[in-house]
Amino acid sequence: MVVRIGNGCGFWGDNLDAPVLLARDGRLDFLTLEYLAELTMSILALQKQRDPQAGYATDFLDVLQRLAPTLRDQPNLKVITNAGGMNPADCAAKARAILDKEGLQTRKIATVAGDDLLPRLDALLAGGETLQNLDTGAPLATVRNRVVSANAYLGARPIADALVRGASIVITGRVADASLTVAPAMQSFGWKWDDWDRLCTASVAGHIIECGAQATGGLWCNWKDEPDLANVGYPIAEIDAGGSFTISKPPSTGGAVNFETVSEQLLYEVGDPAAYLTPDVIADFTSVKMTQAGRDVVRIDGARGKPATGTYKVSIAYRDGFMASGTLVLLGPDAVAKAQLCGQMILQRLERAGVKPERSNVEILGAGAVVPGVIAAPTEPPEVVLRVSVHDARKAAVERFSKEFAPLVTSGTPGVTGYTTGRPPVREVFAYWPALIAKELVQAEVHVES
Amino acid sequence: MSEAFIPLSTIAHGRSGDKGNHANIAVIAYTAAGFAWLREHLTAEAVSQYFAPLGPSKVVRYEAANLLAVNFMLYDVLAGGASRSLRIDTQGKTLALALLRIRVATPPDVDRMRRGAR
(Lines give C-alpha, C1' and ligand atoms only; values in the text may rest on other atoms or scores of the structure.)
Protein backbone atom coordinates (compact mmCIF):
# COMPACT_ATOMS: atom_id res chain seq x y z
CA MET A 1 0.00 0.00 0.00
CA VAL A 2 1.15 3.52 -0.79
CA VAL A 3 -0.39 6.93 -0.21
CA ARG A 4 0.04 9.64 -2.82
CA ILE A 5 -0.03 13.20 -1.52
CA GLY A 6 0.44 16.11 -3.88
CA ASN A 7 0.85 19.78 -3.00
CA GLY A 8 -0.73 22.10 -5.54
CA CYS A 9 -0.18 25.43 -3.82
CA GLY A 10 2.94 26.70 -2.06
CA PHE A 11 1.67 30.10 -0.90
CA TRP A 12 -1.23 32.52 -1.32
CA GLY A 13 -0.57 33.87 -4.78
CA ASP A 14 0.63 30.63 -6.36
CA ASN A 15 -0.55 29.55 -9.81
CA LEU A 16 -4.31 28.95 -9.87
CA ASP A 17 -4.21 26.15 -12.46
CA ALA A 18 -1.55 24.10 -10.68
CA PRO A 19 -3.87 22.36 -8.18
CA VAL A 20 -6.30 21.39 -10.93
CA LEU A 21 -3.59 19.99 -13.21
CA LEU A 22 -1.94 18.14 -10.32
CA ALA A 23 -5.21 16.59 -9.13
CA ARG A 24 -6.24 15.65 -12.67
CA ASP A 25 -2.96 13.96 -13.63
CA GLY A 26 -1.33 13.04 -10.32
CA ARG A 27 -3.37 9.93 -9.33
CA LEU A 28 -3.55 11.44 -5.86
CA ASP A 29 -5.14 10.21 -2.67
CA PHE A 30 -4.73 13.63 -1.06
CA LEU A 31 -4.29 17.12 -2.47
CA THR A 32 -2.78 19.67 -0.08
CA LEU A 33 -2.95 23.44 -0.56
CA GLU A 34 -0.80 25.78 1.55
CA TYR A 35 -1.77 29.47 1.80
CA LEU A 36 -0.33 30.98 4.98
CA ALA A 37 3.03 32.73 5.11
CA GLU A 38 4.37 34.08 8.41
CA LEU A 39 2.51 37.38 8.12
CA THR A 40 -0.58 36.35 6.18
CA MET A 41 -2.51 35.83 9.41
CA SER A 42 -2.17 39.48 10.42
CA ILE A 43 -3.71 40.61 7.13
CA LEU A 44 -6.52 38.08 7.53
CA ALA A 45 -7.07 39.17 11.13
CA LEU A 46 -7.67 42.76 10.03
CA GLN A 47 -10.01 41.60 7.25
CA LYS A 48 -12.01 39.72 9.85
CA GLN A 49 -12.13 42.78 12.11
CA ARG A 50 -13.73 44.75 9.28
CA ASP A 51 -16.01 41.91 8.19
CA PRO A 52 -16.70 39.06 10.64
CA GLN A 53 -17.36 36.70 7.72
CA ALA A 54 -13.96 37.36 6.09
CA GLY A 55 -10.45 36.40 7.17
CA TYR A 56 -9.62 33.33 5.07
CA ALA A 57 -7.64 32.74 1.85
CA THR A 58 -10.24 33.55 -0.79
CA ASP A 59 -8.12 32.05 -3.59
CA PHE A 60 -9.03 28.62 -2.23
CA LEU A 61 -12.69 29.04 -3.18
CA ASP A 62 -11.66 29.86 -6.73
CA VAL A 63 -9.45 26.76 -6.77
CA LEU A 64 -12.23 24.59 -5.29
CA GLN A 65 -14.60 25.74 -8.03
CA ARG A 66 -12.01 24.77 -10.66
CA LEU A 67 -11.44 21.43 -8.91
CA ALA A 68 -15.12 20.46 -8.96
CA PRO A 69 -15.01 18.36 -12.18
CA THR A 70 -11.93 16.50 -10.89
CA LEU A 71 -13.61 15.88 -7.53
CA ARG A 72 -16.60 14.39 -9.39
CA ASP A 73 -14.26 12.12 -11.40
CA GLN A 74 -12.31 11.05 -8.32
CA PRO A 75 -14.71 10.30 -5.45
CA ASN A 76 -11.88 9.25 -3.12
CA LEU A 77 -9.71 12.32 -3.58
CA LYS A 78 -9.42 14.32 -0.39
CA VAL A 79 -8.32 17.93 -0.03
CA ILE A 80 -6.43 19.34 2.96
CA THR A 81 -5.75 23.07 3.19
CA ASN A 82 -4.86 25.76 5.71
CA ALA A 83 -6.92 28.27 3.68
CA GLY A 84 -9.18 28.77 6.71
CA GLY A 85 -6.72 31.32 8.08
CA MET A 86 -8.46 33.34 10.80
CA ASN A 87 -11.90 32.03 9.91
CA PRO A 88 -12.12 28.33 8.93
CA ALA A 89 -15.85 28.21 9.67
CA ASP A 90 -16.89 30.85 7.14
CA CYS A 91 -14.41 29.49 4.60
CA ALA A 92 -16.07 26.08 5.05
CA ALA A 93 -19.55 27.58 4.64
CA LYS A 94 -18.56 29.11 1.30
CA ALA A 95 -16.89 25.84 0.26
CA ARG A 96 -20.09 23.97 1.19
CA ALA A 97 -22.10 26.17 -1.16
CA ILE A 98 -19.68 25.45 -4.03
CA LEU A 99 -19.75 21.69 -3.43
CA ASP A 100 -23.56 21.65 -3.25
CA LYS A 101 -23.89 23.62 -6.47
CA GLU A 102 -21.49 21.20 -8.19
CA GLY A 103 -23.34 18.03 -7.19
CA LEU A 104 -20.88 17.13 -4.45
CA GLN A 105 -23.36 17.18 -1.56
CA THR A 106 -22.04 13.94 -0.05
CA ARG A 107 -18.49 15.18 0.49
CA LYS A 108 -18.04 16.13 4.12
CA ILE A 109 -16.12 19.24 5.10
CA ALA A 110 -14.22 19.49 8.37
CA THR A 111 -12.63 22.48 10.04
CA VAL A 112 -9.68 22.61 12.42
CA ALA A 113 -9.43 25.67 14.69
CA GLY A 114 -8.18 26.47 18.16
CA ASP A 115 -4.95 27.99 16.90
CA ASP A 116 -6.21 31.55 17.40
CA LEU A 117 -4.87 32.75 20.76
CA LEU A 118 -5.91 36.40 20.43
CA PRO A 119 -9.20 36.09 22.35
CA ARG A 120 -7.29 34.39 25.19
CA LEU A 121 -4.16 36.51 25.08
CA ASP A 122 -4.77 38.59 28.21
CA ALA A 123 -5.85 35.53 30.16
CA LEU A 124 -2.68 33.74 29.09
CA LEU A 125 -0.50 36.68 30.11
CA ALA A 126 -2.36 37.02 33.40
CA GLY A 127 -1.80 33.31 33.97
CA GLY A 128 1.94 33.78 33.83
CA GLU A 129 2.70 33.04 30.16
CA THR A 130 5.16 35.67 28.95
CA LEU A 131 5.16 34.73 25.24
CA GLN A 132 8.63 36.19 25.15
CA ASN A 133 10.18 36.97 21.79
CA LEU A 134 12.27 33.96 20.71
CA ASP A 135 14.90 36.26 19.19
CA THR A 136 15.14 39.10 21.70
CA GLY A 137 13.77 37.60 24.92
CA ALA A 138 11.46 40.59 25.42
CA PRO A 139 8.08 39.82 27.04
CA LEU A 140 4.99 40.27 24.87
CA ALA A 141 3.63 42.80 27.35
CA THR A 142 5.91 45.40 25.74
CA VAL A 143 3.83 45.37 22.53
CA ARG A 144 0.56 43.84 23.81
CA ASN A 145 -1.63 46.82 22.91
CA ARG A 146 -0.48 46.67 19.28
CA VAL A 147 -1.01 42.93 18.71
CA VAL A 148 -3.36 42.09 15.81
CA SER A 149 -2.95 38.31 15.63
CA ALA A 150 -1.47 35.47 17.66
CA ASN A 151 -1.68 31.93 16.35
CA ALA A 152 -0.19 28.66 17.50
CA TYR A 153 1.14 26.33 14.83
CA LEU A 154 -0.99 23.23 15.39
CA GLY A 155 0.21 19.81 14.30
CA ALA A 156 -1.12 16.93 12.23
CA ARG A 157 -3.28 15.22 14.81
CA PRO A 158 -6.51 17.25 14.56
CA ILE A 159 -6.37 16.94 10.76
CA ALA A 160 -5.94 13.18 11.04
CA ASP A 161 -8.89 13.09 13.46
CA ALA A 162 -11.03 14.90 10.90
CA LEU A 163 -10.02 12.37 8.22
CA VAL A 164 -10.84 9.46 10.53
CA ARG A 165 -14.28 10.97 11.02
CA GLY A 166 -14.95 10.90 7.30
CA ALA A 167 -13.99 14.35 6.07
CA SER A 168 -13.26 14.73 2.36
CA ILE A 169 -12.20 18.36 2.65
CA VAL A 170 -10.29 19.61 5.70
CA ILE A 171 -9.97 23.38 6.15
CA THR A 172 -7.67 24.54 8.93
CA GLY A 173 -6.40 27.70 10.50
CA ARG A 174 -2.72 27.93 11.34
CA VAL A 175 -1.05 24.54 11.27
CA ALA A 176 2.57 23.72 10.51
CA ASP A 177 2.93 23.45 6.74
CA ALA A 178 4.41 19.95 6.83
CA SER A 179 1.54 18.74 9.03
CA LEU A 180 -0.80 19.00 6.03
CA THR A 181 1.17 16.01 4.67
CA VAL A 182 1.89 14.29 7.97
CA ALA A 183 -1.81 13.96 8.83
CA PRO A 184 -2.93 11.90 5.80
CA ALA A 185 0.14 9.64 6.08
CA MET A 186 -0.49 8.96 9.78
CA GLN A 187 -4.20 8.37 9.20
CA SER A 188 -3.73 6.13 6.15
CA PHE A 189 -1.19 3.81 7.74
CA GLY A 190 -2.48 4.00 11.30
CA TRP A 191 0.98 4.92 12.54
CA LYS A 192 1.32 5.70 16.23
CA TRP A 193 1.76 9.29 17.38
CA ASP A 194 4.96 8.35 19.20
CA ASP A 195 6.47 6.58 16.19
CA TRP A 196 9.02 9.33 15.76
CA ASP A 197 10.72 7.79 12.74
CA ARG A 198 7.44 7.56 10.83
CA LEU A 199 6.50 11.09 11.89
CA CYS A 200 9.91 12.21 10.68
CA THR A 201 9.45 10.43 7.34
CA ALA A 202 6.15 12.17 6.73
CA SER A 203 7.51 15.52 7.94
CA VAL A 204 10.46 15.33 5.53
CA ALA A 205 8.01 14.54 2.72
CA GLY A 206 5.80 17.43 3.80
CA HIS A 207 8.71 19.84 4.05
CA ILE A 208 9.88 18.95 0.55
CA ILE A 209 6.48 19.45 -1.11
CA GLU A 210 5.10 22.35 0.97
CA CYS A 211 6.47 25.05 -1.33
CA GLY A 212 5.04 23.48 -4.46
CA ALA A 213 7.22 23.85 -7.54
CA GLN A 214 10.31 24.67 -5.47
CA ALA A 215 10.84 20.88 -5.24
CA THR A 216 10.33 20.20 -8.93
CA GLY A 217 12.58 22.69 -10.64
CA GLY A 218 11.46 26.09 -9.39
CA LEU A 219 14.49 28.13 -8.20
CA TRP A 220 16.84 25.28 -9.24
CA CYS A 221 20.40 26.57 -9.68
CA ASN A 222 20.83 24.50 -12.84
CA TRP A 223 17.70 25.92 -14.47
CA LYS A 224 19.42 25.89 -17.84
CA ASP A 225 19.15 22.07 -17.87
CA GLU A 226 15.47 22.28 -17.37
CA PRO A 227 12.74 21.56 -19.86
CA ASP A 228 9.58 23.64 -19.98
CA LEU A 229 9.47 25.44 -16.63
CA ALA A 230 6.25 27.17 -17.73
CA ASN A 231 4.51 23.81 -17.43
CA VAL A 232 6.31 22.74 -14.27
CA GLY A 233 4.67 19.75 -12.58
CA TYR A 234 3.87 20.17 -8.89
CA PRO A 235 5.33 17.69 -6.41
CA ILE A 236 3.91 14.36 -5.30
CA ALA A 237 5.10 12.43 -2.24
CA GLU A 238 4.29 8.73 -2.55
CA ILE A 239 4.71 7.29 0.94
CA ASP A 240 4.83 3.55 1.64
CA ALA A 241 3.95 1.60 4.77
CA GLY A 242 7.59 0.78 5.40
CA GLY A 243 8.47 4.39 6.04
CA SER A 244 10.12 5.50 2.84
CA PHE A 245 8.80 7.65 0.05
CA THR A 246 9.45 9.04 -3.39
CA ILE A 247 9.15 12.57 -4.71
CA SER A 248 7.91 12.83 -8.30
CA LYS A 249 5.63 14.92 -10.50
CA PRO A 250 2.87 14.12 -12.98
CA PRO A 251 3.99 12.66 -16.33
CA SER A 252 4.48 14.97 -19.30
CA THR A 253 5.02 18.06 -17.18
CA GLY A 254 7.94 20.48 -17.16
CA GLY A 255 10.55 20.96 -14.49
CA ALA A 256 12.73 18.27 -12.95
CA VAL A 257 12.96 16.08 -9.87
CA ASN A 258 16.51 15.06 -9.03
CA PHE A 259 19.04 15.06 -6.22
CA GLU A 260 19.75 18.74 -6.79
CA THR A 261 16.18 20.05 -6.85
CA VAL A 262 15.14 17.98 -3.84
CA SER A 263 18.21 18.66 -1.71
CA GLU A 264 17.94 22.41 -2.37
CA GLN A 265 14.36 22.30 -1.14
CA LEU A 266 15.03 19.98 1.79
CA LEU A 267 17.35 22.63 3.25
CA TYR A 268 15.13 25.60 2.39
CA GLU A 269 14.32 27.73 5.46
CA VAL A 270 16.13 25.25 7.71
CA GLY A 271 18.45 26.08 10.63
CA ASP A 272 19.99 23.00 12.22
CA PRO A 273 19.23 20.22 9.72
CA ALA A 274 19.69 17.61 12.47
CA ALA A 275 16.90 19.13 14.56
CA TYR A 276 14.07 20.59 12.48
CA LEU A 277 11.31 21.36 14.97
CA THR A 278 7.68 20.75 14.05
CA PRO A 279 4.66 20.34 16.32
CA ASP A 280 4.73 16.63 15.44
CA VAL A 281 8.39 15.60 15.80
CA ILE A 282 11.99 16.75 15.89
CA ALA A 283 13.03 15.75 12.39
CA ASP A 284 16.63 14.84 11.60
CA PHE A 285 17.17 15.76 7.95
CA THR A 286 20.75 14.48 8.18
CA SER A 287 19.42 10.95 8.66
CA VAL A 288 17.79 10.54 5.28
CA LYS A 289 19.28 8.72 2.30
CA MET A 290 18.39 10.12 -1.09
CA THR A 291 18.68 8.19 -4.37
CA GLN A 292 17.61 8.83 -7.94
CA ALA A 293 15.07 6.06 -8.53
CA GLY A 294 14.21 6.93 -12.10
CA ARG A 295 13.68 9.89 -14.36
CA ASP A 296 12.14 12.62 -12.20
CA VAL A 297 11.78 10.25 -9.25
CA VAL A 298 13.85 10.60 -6.07
CA ARG A 299 13.59 7.99 -3.31
CA ILE A 300 14.12 8.96 0.32
CA ASP A 301 14.45 6.57 3.22
CA GLY A 302 16.06 6.15 6.62
CA ALA A 303 14.41 9.15 8.27
CA ARG A 304 14.96 9.26 12.02
CA GLY A 305 12.99 11.46 14.38
CA LYS A 306 13.10 12.37 18.06
CA PRO A 307 10.20 13.11 20.42
CA ALA A 308 8.41 16.37 19.73
CA THR A 309 8.94 19.26 22.11
CA GLY A 310 6.33 20.23 24.69
CA THR A 311 5.62 23.56 23.03
CA TYR A 312 3.90 24.97 19.97
CA LYS A 313 5.47 27.81 18.09
CA VAL A 314 3.31 30.94 18.17
CA SER A 315 3.35 33.51 15.39
CA ILE A 316 2.35 36.94 16.65
CA ALA A 317 1.97 40.11 14.59
CA TYR A 318 1.79 43.65 15.95
CA ARG A 319 1.25 47.06 14.39
CA ASP A 320 4.52 48.76 13.55
CA GLY A 321 3.74 51.91 11.57
CA PHE A 322 3.54 52.37 7.83
CA MET A 323 5.75 51.81 4.80
CA ALA A 324 5.87 52.66 1.13
CA SER A 325 8.31 51.98 -1.70
CA GLY A 326 8.35 53.73 -5.04
CA THR A 327 10.42 53.30 -8.19
CA LEU A 328 11.59 55.36 -11.15
CA VAL A 329 13.73 54.31 -14.11
CA LEU A 330 16.83 56.28 -15.12
CA LEU A 331 18.47 55.95 -18.52
CA GLY A 332 22.18 56.77 -18.86
CA PRO A 333 24.61 58.30 -19.46
CA ASP A 334 25.48 58.56 -15.77
CA ALA A 335 22.43 56.51 -14.80
CA VAL A 336 23.78 55.70 -11.32
CA ALA A 337 24.71 59.30 -10.47
CA LYS A 338 21.35 60.54 -11.70
CA ALA A 339 19.48 57.92 -9.68
CA GLN A 340 21.43 58.88 -6.56
CA LEU A 341 20.55 62.52 -7.06
CA CYS A 342 16.86 61.80 -7.67
CA GLY A 343 16.72 59.60 -4.58
CA GLN A 344 18.28 62.35 -2.47
CA MET A 345 15.87 64.91 -3.94
CA ILE A 346 12.91 62.87 -2.76
CA LEU A 347 14.21 62.66 0.80
CA GLN A 348 15.36 66.32 0.82
CA ARG A 349 11.97 67.61 -0.31
CA LEU A 350 10.34 65.42 2.30
CA GLU A 351 12.51 67.03 4.95
CA ARG A 352 11.75 70.49 3.58
CA ALA A 353 8.09 69.65 4.11
CA GLY A 354 8.86 68.91 7.75
CA VAL A 355 8.81 65.15 7.35
CA LYS A 356 11.84 63.18 8.40
CA PRO A 357 10.96 59.49 8.22
CA GLU A 358 12.25 57.21 10.96
CA ARG A 359 13.83 54.87 8.39
CA SER A 360 14.57 55.35 4.73
CA ASN A 361 16.49 53.45 2.08
CA VAL A 362 17.66 54.40 -1.41
CA GLU A 363 18.48 51.48 -3.70
CA ILE A 364 19.83 51.62 -7.22
CA LEU A 365 18.78 48.35 -8.81
CA GLY A 366 21.06 47.32 -11.63
CA ALA A 367 24.07 48.69 -9.76
CA GLY A 368 24.51 46.04 -7.09
CA ALA A 369 21.69 46.99 -4.71
CA VAL A 370 20.04 43.60 -4.28
CA VAL A 371 22.81 42.32 -2.00
CA PRO A 372 24.23 45.72 -1.09
CA GLY A 373 27.96 45.97 -0.60
CA VAL A 374 28.49 42.28 -1.41
CA ILE A 375 28.12 42.04 -5.18
CA ALA A 376 30.32 44.55 -7.01
CA ALA A 377 28.43 47.07 -9.15
CA PRO A 378 29.06 47.43 -12.88
CA THR A 379 30.78 50.76 -13.48
CA GLU A 380 28.33 52.20 -15.97
CA PRO A 381 25.05 50.32 -16.47
CA PRO A 382 22.98 51.70 -19.37
CA GLU A 383 19.96 52.09 -17.11
CA VAL A 384 18.95 51.52 -13.51
CA VAL A 385 15.84 51.38 -11.37
CA LEU A 386 15.75 53.85 -8.48
CA ARG A 387 13.83 52.48 -5.51
CA VAL A 388 13.19 54.62 -2.45
CA SER A 389 11.45 53.30 0.66
CA VAL A 390 10.46 54.80 4.00
CA HIS A 391 9.01 53.51 7.26
CA ASP A 392 7.41 55.72 9.91
CA ALA A 393 4.91 55.46 12.73
CA ARG A 394 2.94 58.36 11.19
CA LYS A 395 0.74 57.40 8.26
CA ALA A 396 0.65 61.02 7.06
CA ALA A 397 4.43 61.09 6.77
CA VAL A 398 4.46 58.04 4.54
CA GLU A 399 1.57 59.41 2.48
CA ARG A 400 3.50 62.62 1.89
CA PHE A 401 6.50 60.54 0.79
CA SER A 402 4.35 58.71 -1.76
CA LYS A 403 3.62 62.06 -3.42
CA GLU A 404 7.28 62.95 -4.02
CA PHE A 405 7.91 60.61 -6.98
CA ALA A 406 5.79 62.25 -9.67
CA PRO A 407 7.47 65.67 -9.39
CA LEU A 408 10.75 64.08 -10.52
CA VAL A 409 9.22 63.49 -13.94
CA THR A 410 9.62 67.21 -14.67
CA SER A 411 12.08 68.44 -12.04
CA GLY A 412 14.50 65.51 -11.96
CA THR A 413 17.43 64.69 -14.20
CA PRO A 414 17.08 63.84 -17.89
CA GLY A 415 16.37 60.17 -18.50
CA VAL A 416 13.64 59.81 -15.85
CA THR A 417 10.87 57.47 -16.94
CA GLY A 418 8.74 54.62 -15.66
CA TYR A 419 6.33 56.67 -13.57
CA THR A 420 3.24 54.95 -14.90
CA THR A 421 1.70 53.10 -11.97
CA GLY A 422 0.79 56.15 -9.92
CA ARG A 423 1.68 56.94 -6.33
CA PRO A 424 3.16 54.01 -4.45
CA PRO A 425 0.64 52.47 -2.06
CA VAL A 426 1.05 53.12 1.67
CA ARG A 427 0.76 49.89 3.61
CA GLU A 428 0.51 49.16 7.29
CA VAL A 429 3.44 47.25 8.75
CA PHE A 430 2.91 44.22 10.95
CA ALA A 431 6.06 43.20 12.72
CA TYR A 432 6.69 39.56 13.49
CA TRP A 433 6.99 38.24 17.03
CA PRO A 434 7.86 34.53 17.33
CA ALA A 435 7.16 32.84 20.66
CA LEU A 436 6.43 29.46 22.25
CA ILE A 437 3.51 28.16 24.28
CA ALA A 438 3.05 24.96 26.27
CA LYS A 439 1.00 22.46 24.29
CA GLU A 440 -1.42 21.80 27.14
CA LEU A 441 -2.56 25.42 26.96
CA VAL A 442 -3.84 25.00 23.40
CA GLN A 443 -6.83 22.87 22.45
CA ALA A 444 -7.39 22.08 18.78
CA GLU A 445 -11.06 22.20 17.79
CA VAL A 446 -12.19 19.75 15.11
CA HIS A 447 -15.63 20.07 13.57
CA VAL A 448 -16.88 17.58 10.97
CA GLU A 449 -20.18 17.97 9.14
CA SER A 450 -22.70 15.34 10.13
CA MET B 1 46.17 25.97 -17.71
CA SER B 2 43.61 26.43 -14.98
CA GLU B 3 42.45 29.70 -13.45
CA ALA B 4 43.85 30.76 -10.09
CA PHE B 5 40.36 31.49 -8.76
CA ILE B 6 36.94 30.00 -9.42
CA PRO B 7 33.47 30.99 -8.30
CA LEU B 8 32.06 28.69 -5.63
CA SER B 9 29.30 27.79 -8.11
CA THR B 10 31.86 25.66 -9.99
CA ILE B 11 31.67 23.07 -7.23
CA ALA B 12 28.35 23.72 -5.46
CA HIS B 13 24.74 24.83 -5.77
CA GLY B 14 22.35 26.06 -3.12
CA ARG B 15 19.27 27.92 -1.93
CA SER B 16 18.49 30.56 0.70
CA GLY B 17 15.41 31.55 2.66
CA ASP B 18 14.19 33.51 5.66
CA LYS B 19 13.09 32.96 9.23
CA GLY B 20 11.91 36.28 10.55
CA ASN B 21 14.93 38.58 10.48
CA HIS B 22 17.35 35.68 9.96
CA ALA B 23 18.34 33.89 6.76
CA ASN B 24 19.69 30.47 5.98
CA ILE B 25 21.95 29.60 3.07
CA ALA B 26 22.40 25.97 2.07
CA VAL B 27 25.50 25.25 -0.03
CA ILE B 28 25.46 21.80 -1.59
CA ALA B 29 28.56 20.24 -3.16
CA TYR B 30 28.30 18.37 -6.45
CA THR B 31 30.72 15.67 -5.32
CA ALA B 32 32.20 14.17 -2.16
CA ALA B 33 35.51 15.87 -2.93
CA GLY B 34 33.71 19.18 -3.16
CA PHE B 35 31.98 18.55 0.16
CA ALA B 36 35.34 17.86 1.80
CA TRP B 37 36.54 21.21 0.42
CA LEU B 38 33.43 23.03 1.72
CA ARG B 39 33.89 21.56 5.20
CA GLU B 40 37.45 22.75 5.37
CA HIS B 41 37.29 26.12 3.65
CA LEU B 42 33.77 27.52 3.67
CA THR B 43 33.76 28.39 7.34
CA ALA B 44 31.25 30.44 9.30
CA GLU B 45 33.95 33.10 9.60
CA ALA B 46 34.45 33.27 5.82
CA VAL B 47 30.73 33.61 5.23
CA SER B 48 30.37 36.19 8.00
CA GLN B 49 33.14 38.27 6.47
CA TYR B 50 31.71 38.02 2.94
CA PHE B 51 28.30 39.24 4.10
CA ALA B 52 29.68 41.83 6.54
CA PRO B 53 28.04 44.73 4.59
CA LEU B 54 24.64 43.24 5.50
CA GLY B 55 25.56 43.25 9.19
CA PRO B 56 24.84 39.72 10.44
CA SER B 57 25.05 39.55 14.25
CA LYS B 58 26.19 35.92 14.13
CA VAL B 59 26.79 33.17 11.57
CA VAL B 60 26.44 29.50 12.51
CA ARG B 61 27.38 26.59 10.24
CA TYR B 62 25.73 23.18 10.24
CA GLU B 63 26.62 20.12 8.19
CA ALA B 64 24.45 17.60 6.37
CA ALA B 65 26.94 15.05 5.05
CA ASN B 66 24.13 12.93 3.59
CA LEU B 67 23.32 15.82 1.24
CA LEU B 68 26.98 16.89 0.76
CA ALA B 69 25.81 20.19 2.22
CA VAL B 70 26.80 22.87 4.68
CA ASN B 71 24.02 25.11 5.94
CA PHE B 72 24.55 28.59 7.33
CA MET B 73 22.29 30.56 9.63
CA LEU B 74 22.88 34.30 9.29
CA TYR B 75 21.25 36.08 12.22
CA ASP B 76 19.71 39.57 11.99
CA VAL B 77 20.84 39.89 8.39
CA LEU B 78 17.56 40.91 6.70
CA ALA B 79 17.17 44.52 7.90
CA GLY B 80 13.84 43.65 9.50
CA GLY B 81 12.78 40.70 7.36
CA ALA B 82 9.63 40.13 5.32
CA SER B 83 7.48 42.43 7.40
CA ARG B 84 9.54 45.58 7.73
CA SER B 85 12.75 45.48 5.69
CA LEU B 86 13.16 48.42 3.31
CA ARG B 87 15.36 46.34 1.00
CA ILE B 88 14.13 44.91 -2.29
CA ASP B 89 15.10 41.41 -1.15
CA THR B 90 13.21 41.36 2.13
CA GLN B 91 13.49 37.60 2.50
CA GLY B 92 17.10 36.87 1.57
CA LYS B 93 16.03 34.91 -1.50
CA THR B 94 19.15 35.99 -3.39
CA LEU B 95 21.75 35.37 -0.69
CA ALA B 96 22.59 31.86 -1.92
CA LEU B 97 23.39 33.09 -5.41
CA ALA B 98 25.48 35.87 -3.91
CA LEU B 99 27.49 33.35 -1.87
CA LEU B 100 27.91 31.05 -4.88
CA ARG B 101 29.64 33.97 -6.62
CA ILE B 102 32.37 34.20 -4.00
CA ARG B 103 35.74 33.61 -5.66
CA VAL B 104 37.92 30.99 -4.05
CA ALA B 105 41.46 29.77 -4.73
CA THR B 106 41.14 26.96 -7.23
CA PRO B 107 41.46 23.63 -5.38
CA PRO B 108 44.19 21.41 -6.91
CA ASP B 109 41.64 18.62 -7.46
CA VAL B 110 38.88 20.90 -8.77
CA ASP B 111 38.13 18.49 -11.59
CA ARG B 112 36.87 16.00 -9.01
CA MET B 113 34.51 18.63 -7.66
CA ARG B 114 32.75 19.83 -10.78
CA ARG B 115 29.18 18.92 -11.55
CA GLY B 116 29.06 15.43 -13.06
CA ALA B 117 32.59 14.53 -11.89
CA ARG B 118 33.22 11.15 -10.29
Side-chain angles (χ1 to χ4, degrees), chain A residues 37-39 42 133-135 211 214 219-222 225 259-260 262-275 285-290 302 315 317 320-321 323 325 327 359-363 365 369-376 385 387-391 429-434, chain B residues 9 12-30 50-55 57 60-73 75-77 79-102 115-116:
Chain A
E38 271 173 355
L39 289 160
S42 55
N133 188 306
L134 274 179
D135 292 334
C211 292
Q214 280 189 201
L219 307 191
W220 182 25
C221 279
N222 288 299
D225 286 10
F259 191 93
E260 291 178 10
V262 175
S263 59
E264 284 180 17
Q265 187 55 24
L266 183 54
L267 293 174
Y268 179 68
E269 291 181 346
V270 168
D272 180 357
F285 291 179
T286 68
S287 65
V288 304
K289 186 163 166 283
M290 203 185 288
S315 181
D320 187 24
M323 272 174 56
S325 295
T327 58
R359 301 164 68 220
S360 64
N361 194 24
V362 175
E363 296 170 294
L365 306 175
V370 175
V371 193
V374 176
I375 304 289
V385 175
R387 182 174 185 269
V388 187
S389 311
V390 303
H391 178 202
V429 178
F430 300 105
Y432 172 63
W433 183 287
Chain B
S9 58
H13 60 111
R15 185 167 294 179
S16 53
D18 67 320
K19 281 207 177 280
N21 194 28
H22 319 306
N24 90 296
I25 307 177
V27 179
I28 307 165
Y30 287 119
Y50 184 68
F51 285 109
L54 302 185
S57 62
V60 177
R61 186 179 85 166
Y62 299 98
E63 292 181 14
N66 57 328
L67 305 173
L68 303 179
V70 288
N71 186 47
F72 297 92
M73 275 299 294
Y75 289 88
D76 304 299
V77 76
S83 61
R84 63 195 297 279
S85 171
L86 298 180
R87 289 191 199 138
I88 184 82
D89 186 9
T90 57
Q91 293 176 276
K93 298 265 186 198
T94 62
L95 294 181
L97 291 188
L99 183 54
L100 290 169
R101 286 174 65 159
I102 192 173
R115 189 169 183 232

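First the proteins, then the strands, lettered A, B, ... as listed; each starts at 1.
Between A:Glu363 and B:Leu86, the shortest heavy-atom contact is OE1-O, 3.5 Å. The two residues B:Thr94 and A:Val370 have their closest heavy-atom pair at OG1-CG1, 3.5 Å. Here the closest heavy-atom approach between residue A:Tyr268 and residue B:Lys93 is recorded as OH-NZ, 2.7 Å. Here the shortest heavy-atom pairing between B:Asn24 and A:Leu267 reads ND2-O, 2.9 Å.
Between B:Arg84 and A:Tyr432, every side-chain heavy-atom pair lies at or beyond the 4.5 Å cut-off. Inter-residue side-chain proximity for B:Ile88 and A:Ser389 is flagged as unmet; no heavy-atom pair is nearer than 4.5 Å. In this structure, the side chains of A:Asp320 and B:Ser83 stay at 4.5 Å or more apart for every pair of heavy atoms.
Between chain A and the residues B:Asp89, B:Leu99, B:Leu100, B:Asn71, the most heavy-atom pairs under 4.5 angstrom are made by B:Asn71. Between chain B and the residues A:Leu365, A:Val388, A:Val429, A:Val371, the largest count of heavy-atom pairs under 4.5 Å involves A:Val371. For chain B, the option among A:Gly373, A:Gly271, A:Gly302 with the highest count of heavy-atom pairs below 4.5 Å is A:Gly271. Ranked by heavy-atom pairs under 4.5 Å with chain B, the first of A:Asp135, A:Leu39, A:Asn222 is A:Asn222. In terms of non-hydrogen atom pairs under 4.5 Å with chain A, the most contact-rich of B:Gly17, B:Pro53, B:Ala23 is B:Pro53. Taking chain B as the reference chain and counting heavy-atom pairs below 4.5 Å, the highest number among A:Met290, A:Gln214, A:Glu260 is found for A:Glu260.
Residue contact with chain B, scored on non-hydrogen atoms closer than 4.5 Å, involves the side chain of A:Glu38 exclusively. Neither the backbone nor the side chain of A:Trp433 has a heavy atom closer than 4.5 Å to any heavy atom of chain B.
The environment of A:Arg359 atom CZ is dense: over 12 non-hydrogen atoms of other residues, nucleotides or ligands sit within 6.0 angstrom.
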